[in-house]
Amino acid sequence: MQSTIERRQRIIDILNMRRSEKIDNLANELGVARRTIQYDIEVLSCSYPIDTRKGTGGCVYVQDGFDLYERYLTAKQFELLERLKGTLSGEDEKVLETIMKSFGRNGGVRK
């Protein structure tokens, strides 16, 4: 059984990754009542840019541009990795690609 803090951190992680999710899905995935998730969202929305949409297709979502784990490479760093990637093959190339994808969206380059 996870603590309230762990559950709320997991909600943030899920929303950060998926961008939106239905409350019922979160409750099922985390093994708690729907009302528990609703209360967690109320609390989390005081500190994070989280909002809800009601009605058909309703969900909990994070606002555009929010990334809890925002990390970026500079353009020069990304270009160097691109050049190095051309010298690699097989598993090494795949590992480097995952590193490049991990450092932000839109190709991982800070604009």
Please tell me whether L80 and I99 are part of a single hydrophobic cluster in this structure, the criterion being side-chain heavy atoms less than 4.5 Å apart.
yes
For residues S45 and I50, report the shortest heavy-atom separation together with the two atoms involved.
CB-O, 3.7 Å
Common cluster, Y39/I14, ILVMFWY with side-chain heavy-atom separation under 4.5 Å:
no
Can you measure from CD (E82) to CG (L84) and round to the nearest 0.5 angstrom?
10.0 Å
M100 with V95, same ILVMFWY side-chain cluster at under 4.5 Å:
yes
Report the residues that fulfil side-chain hydrogen bond (donor to acceptor under 3.5 Å, both in side chains) with N28, sequence neighbours left out, ordered by chain and then residue number.
none
Taking the side chain as every heavy atom from C-beta outward, state whether V60 and E21 have any pair of such atoms under 4.5 Å apart.
no
With clusters defined by side-chain heavy atoms of hydrophobic residues (ILVMFWY) lying less than 4.5 Å apart, directly or transitively, does L44 cluster with F66?
yes
Donor-acceptor pair, side chain of T36 and main chain of V32, under 3.5 angstrom:
no
About how many Å separate NZ of K94 and CG of L88, when rounded to the nearest 0.5 Å?
13.0 Å
Looking at every non-hydrogen atom in both residues, tell me the closest pair between C59 and S20 and how far apart they are.
SG-CB, 3.9 Å
Pair E29-N25, side-chain donor/acceptor within less than 3.5 Å:
no
Distance (rounded to the nearest 0.5 Å) between S3 OG and Q9 CD:
10.0 Å
Would you give the length of the straight line joining atom CD1 of I11 to atom CG of D13, rounded to the nearest 0.5 angstrom?
10.0 Å
Rounded to the nearest 0.5 Å, how far apart are CD1 of I12 and CG of D40?
9.5 Å
Mark yes or no: R53 above the aromatic ring of Y61, with NZ or CZ under 6.0 Å from the six-membered ring centre and no more than 45 degrees from the axis.
yes
Closest heavy-atom pair, V43 versus R8, reported as atoms and distance to 0.1 Å, is CG1-NH1, 3.5 Å
Atom pair CG (D64) and CZ (R19), whose distance is rounded to the nearest 0.5 Å:
7.0 Å
